[in-house]
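We count ligands from 1, going down the list as the structure has it; atoms in each ligand are counted the same way.
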Amino acid sequence: MSNVRRIFVIGAGTMGHGIAEVAALRGLNVTLYDVKQEFLDGAMSKIKWSLDRLAEKGTIKSSSEVIQRIATTLDLESGASDADFVIEAAPERMEIKRDIFSRLDRSARPEAVLATNTSSLPITEVSESVSAPRRGRVIGMHFFNPPVIMQLVEVVKGKYTSDETVKATYELAGALGKQPVLVRVDVPGFIVNRVMARFLNTACLMAERGLHRMEEIDAAVRYGLGMPMGAFELSDYIGIDVLDDIIKAMIARGFSMTPCGLYSGMRSAGKLGVKSGQGFYAHPGSKFRKPELDRSLAAKVDPILLVAPAVNEAAYLLREEVASRDDIDKAVRLGLNYPKGIFEYADSYGVDSVIDALRRLEEALGSREYEPDPLLLEMRSAGKLGVKSGQGFYAYKRRGE
Ligand code: CAA
């Protein structure tokens with residue numbers, strides 16, 4: 001049971017306004033802050049649009065009852081002063097986060113939890129902008145887009161984060177109707193963005209190098225793998241600039257990846273995805289339009305080539321004890337709406353086939369990041385191949401057992 005009554009959300013962009021909406025939907029009082037009134041006004045009209053959708057479906061009685069729990073402010077200090085829990089969702093730049101957290105240090109109540117929704121910056125570094133006694137109260141609380149629909153919250157421990165803060169954040173996630181997973185080590189990109197980046201970047205490299213057309217890849221992702229959005233469709237949805245920033249921030253902190261050149265090229269050309277009306281696909285009026293993809297295109301791409309790099313990353317996270325097997329699978333099911341966990345995909349294809357696919361990618365794309373993780377090689381040597389051998393990441397009963 002969470003003791004949080006008032007939440008202060010910093011940043012009224014896509015994630016900030018979505019988080020404010022979720023909290024208000026769950027009966028909490030919210031103050032939403034941004035630096036310009038027009039950002040706050042834009043956010044409130046998007047919240048209203050989303051709540052109206054929920055009211056049309058009968059999920060809530062009316063949008064106005066929920067909206068009245070959200071106050072807006074241009075004054076960070078006063079917004080912070082009466083909050084039990086602060087969630088910062090400002091732009092992904094360390095100097096902005098540092099400025100915000102040092103101001104929170106002076107204005108927030110000593111017992112308030114100070115969470116950041118960063119997707120790729122280090123929690124430990126953010127916590128170092130507050131005075132030493134407060135650092136235990138700083139934590140990562142990473143939501144997924146759109147926050148009102150996506151069930152997952154990654155709870156990320158920094159070097160100083162106390163167990164009490166983890167507990168309070170888990171409780172708040174539960175009160176918000178979300179499912180938390182624990183990221184024990186503050187690695188760049190945490191669980192979901194690391195796995196997702198491997199998958200999206202591989203799809204993008206395949207298109208860039210002319211191995212497949214993007215429509216073929218997206219059809220294979222949607223119809224072959226059963227994922228809710230194709231790789232290029234999801235990239236447009238997230239925003240090409242956001243994706244480019246995430247990948248660059250992870251690389252800057254040691255994540256080994258050959259970034260697909262299409263992202264930076266599109267960014268310079270202002271093709272940012274849904275928000276600019278054009279990304280890999282056209283989205284007239286900056287409204288997301290689901291691309292129409294012919295089912296027959298799916299057969300042109302071997303889907304294991306897209307899944308294998310994501311499995312490889314997940315194997316690294318498990319081997320390094322960043323998160324548990326179950327939390328990693330839960331994270332991709334609820335953070336990306338995959339129909340099954342990434343280890344479940346691995347077990348159904350077979351660990352040996354995943355390794356083979358990584359070798360094929362290494363040859364076709366010439367990137368070292370496709371080197372199979374030692375955990376996969378060890379599993380293959382031990383005959384732990386997945387469903388076909390009865391044991392992989394999970395145990396399976398074979399017929400007659
Ligand atoms: N508010 C209220 N309702 C919404 C909504 C919102 N913001 N967005 C979508 N919906 C509703 C729609 O109105 C629709 O309702 P009905 O079924 O009653 O018509 C329903 O949700 C489904 O939406 P759509 O029909 O438009 O499209 P869909 O079936 O493809 O579902 C989706 C949309 C849930 C977003 C789905 O495509 C999906 O799960 N995509 C993957 C999203 C994903 O991977 N997100 C994570 C990105 S990574 C990230 O966020 C981390 C980061 O740091 C960048």
Aromatic plane relationship, His283 with Phe288 - under 30° parallel, 30 to 60° tilted, over 60° perpendicular: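 Answer is parallel, since the angle falls under 30°.
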
Is the count of non-hydrogen atoms from other residues, nucleotides or ligands lying under 6.0 Å from Lys290 atom NZ greater than 12? yes

I'd like to know if the side chain of Thr31 pairs up with that of Arg6 as donor and acceptor (distance under 3.5 Å, no hydrogens or angles considered).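 Side chains of Thr31 and Arg6: pair found under 3.5 Å.
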
Tell me yes or no: between the side chains of Asp218 and Tyr281, is some donor less than 3.5 Å from an acceptor?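 Note: Asp218 and Tyr281 side chains meet the donor-acceptor criterion.
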
Check each protein residue for a heavy atom under 4.0 Å from ligand 1 and list those that pass, ordered by chain and number. Trp49, Ser50, Lys57, Ser119, His142, Phe144, Asn145, Pro146, Val148, Ile149, Met150, Asn193, Met196, Pro228, Met229, Leu234, Tyr237, Ile238, Ile246, Lys290, Gly335, Leu336, Asn337

Looking only at non-hydrogen atoms, find the nearest pair between Arg253 and Asp186 and report the distance.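 For Arg253 versus Asp186, the nearest heavy atoms are NH2-O, 3.1 Å.
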
Taking all atoms of both residues into account, what is the closest heavy-atom pair of Pro91 and Ile96, and its distance?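 Taking every non-hydrogen atom into account, CB-CD1, 3.9 Å.
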
